Amino acid sequence: MNQEEKNLTWQRVSVSKEMREKLHGHKSFVLWFTGLSGSGKSTVASEIEGMLYKRGFSTMLLDGDNVRHGLNHDLSFSEKDRRENIRRLGEVSKLFVESGIIVLVAAISPIAADRQAVRNMLGADEFIEVYVDCSLSECEKRDPKGLYKKVRKGLIANFTGISDPYEVPVNAEIVIPTESMDIRECADRVIEYLIINQFIS
Ligand SMILES: Nc1ncnc2c1ncn2[C@@H]1O[C@H](COP(=O)(O)OS(=O)(=O)O)[C@@H](OP(=O)(O)O)[C@H]1O
Ligand SMILES: Nc1ncnc2c1ncn2[C@@H]1O[C@H](COP(=O)(O)OP(=O)(O)O)[C@@H](O)[C@H]1O
């Protein structure tokens, strides 16, 4: 059923995205961090949010883990639910972009088509994919939440990179190798990209 058949219309609003951006004093866009569990998505995204905050930017960090405690608490880690998780994170990001702020999303988002669907939801200059590149063996060595240990004991099924797929991005705007660069260097690489490409000044 399309929107017309559902008797839905798009309501016009008096304040535009551009007006909200002007109020905040900067552009709004999404930095989308994808990578294996333990690759460093949350750590680097949080470091970057701190750096942006200190420079006076309005930001919102959506961490997949955290959003699964609320909005997405009904979703499992099946293929279908992961897709729905990413779709909702994308839609929420789009609302925050409309509100004029910078959104950072840290979610495994393992399937390329699901990430592409979010890219398609947003404008060409509103979505920046950041591949948090780290080998499975290093992620497992870090194991910050003890999840890999549980997986090896057979306590978690469908775990990304082990018993569930992770499709490595082929068109990410930024790649941060967290095995060979420290947290600050990774964050600096992203900030540098934003400055060079005039997302921030
Ligand atoms: N089966 C399975 N596979 C992967 N991850 C699992 C799983 N079960 C629980 N967790 C924990 O959930 C976090 C991933 O949630 P996401 O919303 O980012 O996942 S996804 O994008 O929908 O794939 C993930 O967080 P990160 O480690 O920060 O990536 C884990 O803490
Ligand atoms: N360059 C780096 N970037 C990000 N995290 C790193 C880096 N080097 C080591 N780490 C460590 O790796 C772990 C990554 O965990 P986390 O950020 O929760 O990953 P994810 O959100 O991808 O699951 C943290 O313990 C962090 O201190």
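Atoms within each ligand, like the ligands themselves, are counted from 1 in listed order. All values derive from a computational prediction rather than experimental measurement. Start at 1 with the first residue, then count along the sequence.
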| request: Check the pair E129 / T34 against side chain to side chain donor-acceptor pair (under 3.5 Å), numbers first and verdict last. | output: CA-CA 7 Å; E129 190 170 346; T34 171; 5.4 Å; no
| query | Can you tell me which residue and heavy atom of the protein come closest to atom 23 (O) of ligand 2, and the distance to 0.1 Å? | reply | G38 N, 2.7 Å
| query | Regarding R142 and the six-membered ring of Y148, is the cationic atom NZ or CZ under 6.0 Å from the ring centre and inside 45° of its axis? | reply | no
| task | Find out whether the Lys NZ or Arg CZ of R119 is both under 6.0 angstrom from the six-membered ring centre of F29 and within 45° of the ring's axis. | result | no
| query | What protein heavy atom sits nearest atom 27 (O) of ligand 1, and how far off is it? | reply | S37 OG, 2.6 Å
| query | Can you name the closest pair of heavy atoms from N158 and R82 and give their distance? | reply | O-NH2, 2.8 Å
| message | With a 4.0 Å cut-off on N to O distance, would you call R88 and E91 a salt bridge? | response | no
| Which of the atoms of ligand 1 are close to I86, meaning less than 4.0 Å from one of its heavy atoms? | 21 (O)
| Can a cation-pi geometry be assigned to K27 and F199, taking NZ or CZ under 6.0 Å from the six-membered ring centre and within 45° of the ring axis? | yes
| query | For the residue pair A106 and A45, what are the closest heavy atoms and their distance? | reply | CB-CB, 4.3 Å
| field | Within reach of ligand 2, part of M181 (heavy-atom separation under 4.0 Å) | value | backbone
| Any idea which protein heavy atom is nearest atom 1 (N) of ligand 1, and the distance to it? | N158 O, 2.8 Å
| query | Out of E79, R82, R115, whose heavy atom sits nearest atom 3 (N) of ligand 1? | reply | R82
| message | Tell me whether ligand 2 is touched by S39 - counting only heavy atoms on the residue side and a distance under 4.0 Å. | response | yes
| Which segment of D63 sits under 4.0 Å of ligand 2 when only heavy atoms are counted | neither
| Which atoms from ligand 2 have a heavy atom of D182 less than 4.0 Å away? | 1 (N)
| query | Counting from 1, what ligand 2 atoms have a heavy atom of S37 closer than 4.0 Å? | reply | 23 (O)
| said: Please check whether G40 reaches ligand 2 - meaning an N/O of the residue sits under 3.5 Å from an N/O of the ligand, judged on distance alone. | reply: yes
| field | Distance-only N or O hit between ligand 1 and P110, under 3.5 Å | value | no
| query | For ligand 2, which atoms have a heavy atom of V44 less than 4.0 angstrom away? | reply | 3 (N), 4 (C)
| field | Min heavy-atom dist A157 to ligand 1 below 4.0 Å | value | yes
| request: Could you tell me whether E98 and K94 make a salt bridge, using a distance below 4.0 angstrom between a side-chain N and a carboxylate O? | output: no
| task | Can you pull out the closest protein heavy atom to atom 26 (P) of ligand 1? Residue, atom name and distance to 0.1 Å, please. | result | K145 NZ, 3.1 Å
| Minimum-distance protein heavy atom relative to atom 29 (O) of ligand 1 | K41 NZ, 2.9 Å
| field | Residue and atom name of the nearest protein heavy atom (relative to atom 16 (P) of ligand 2), distance in Å to one decimal | value | T43 OG1, 3.5 Å
| said: For C134 versus L36, what's the shortest heavy-atom pair and its separation? | reply: O-CD1, 3.6 Å
| I111/R83 under side chain to side chain contact (heavy atoms under 4.5 Å, CB included): CA gap, chis, key distance, verdict | CA-CA 8 Å; I111 305 301; R83 180 175 310 121; 5.9 Å; no
| task | Answer yes or no: are there more than 12 heavy-atom neighbours, outside E18 itself, under 6.0 Å from its atom CD? | result | yes
| message | Under 4.0 Å from a heavy atom of T178: which atoms of ligand 2 are those, numbered in the order shown and with their elements? | response | 1 (N), 2 (C), 3 (N), 7 (C), 8 (N)
| Checking side chain to side chain contact (heavy atoms under 4.5 Å, CB included) for the pair M51/R184: CA distance, chi angles, key distance, verdict? | CA-CA 10 Å; M51 290 163 80; R184 185 62 192 215; 3.6 Å; yes
| message | Counting only heavy atoms, tell me which of A106, S42, A187 gets closest to atom 21 (O) of ligand 2. | response | S42
| query | So which heavy atom in the protein is nearest atom 21 (O) of ligand 1, and how far is it from that ligand atom? | reply | S109 N, 2.8 Å
| field | Within-shell test, D65 vs ligand 1, heavy atom, strictly < 4.0 Å | value | yes
| Which heavy-atom pair separates L62 from S93 by the least distance, and what is that distance? | CD1-OG, 3.9 Å
| said: Can you report which non-hydrogen protein atom sits closest to atom 22 (O) of ligand 1, along with the distance? | reply: N85 ND2, 2.7 Å
| said: Quick check on contacts: which atoms of ligand 2 are under 4.0 angstrom from a heavy atom of C186? | reply: 1 (N)
| task | Answer with yes or no whether the hydrophobic clustering places V168 together with I162; edges join I, L, V, M, F, W, Y residues whose side-chain heavy atoms lie under 4.5 Å apart. | result | yes
| remark: atom 15 (O) of ligand 2 sits nearest the protein heavy atom P144 CG, 3.6 Å
| remark: min-distance protein heavy atom vs atom 30 (C) of ligand 1 -> L147 CD1, 3.4 Å
| task | State, to 0.1 Å, how close H26 and S58 come at their nearest heavy-atom pair, and which atoms those are. | result | NE2-N, 3.0 Å
| atom 10 (N) of ligand 2 - nearest protein heavy atom and its distance | R142 CZ, 3.8 Å
| query | What atoms in ligand 2 come closer than 4.0 Å to a heavy atom of L36? | reply | 22 (O)
| request: Around atom 7 (C) of ligand 2, find the nearest protein heavy atom and jot down its residue, atom name and distance. | output: I183 CG1, 3.7 Å
| query | What is the nearest protein non-hydrogen atom to atom 8 (N) of ligand 1, stated with its residue, atom name and distance? | reply | F77 CE1, 3.4 Å
| query | Has ligand 2 got any nitrogen or oxygen that is less than 3.5 angstrom from a nitrogen or oxygen of K145? | reply | no
| request: Considering only NZ, NE, NH1 and NH2 on the basic side and carboxylate oxygens on the acidic side, decide whether E126 and K17 come within less than 4.0 Å. | output: yes
| message | Looking at Q198, I'd like to know if its CD atom is crowded, meaning that more than 12 non-hydrogen atoms belonging to other residues, nucleotides or ligands lie closer than 6.0 Å. | response | no
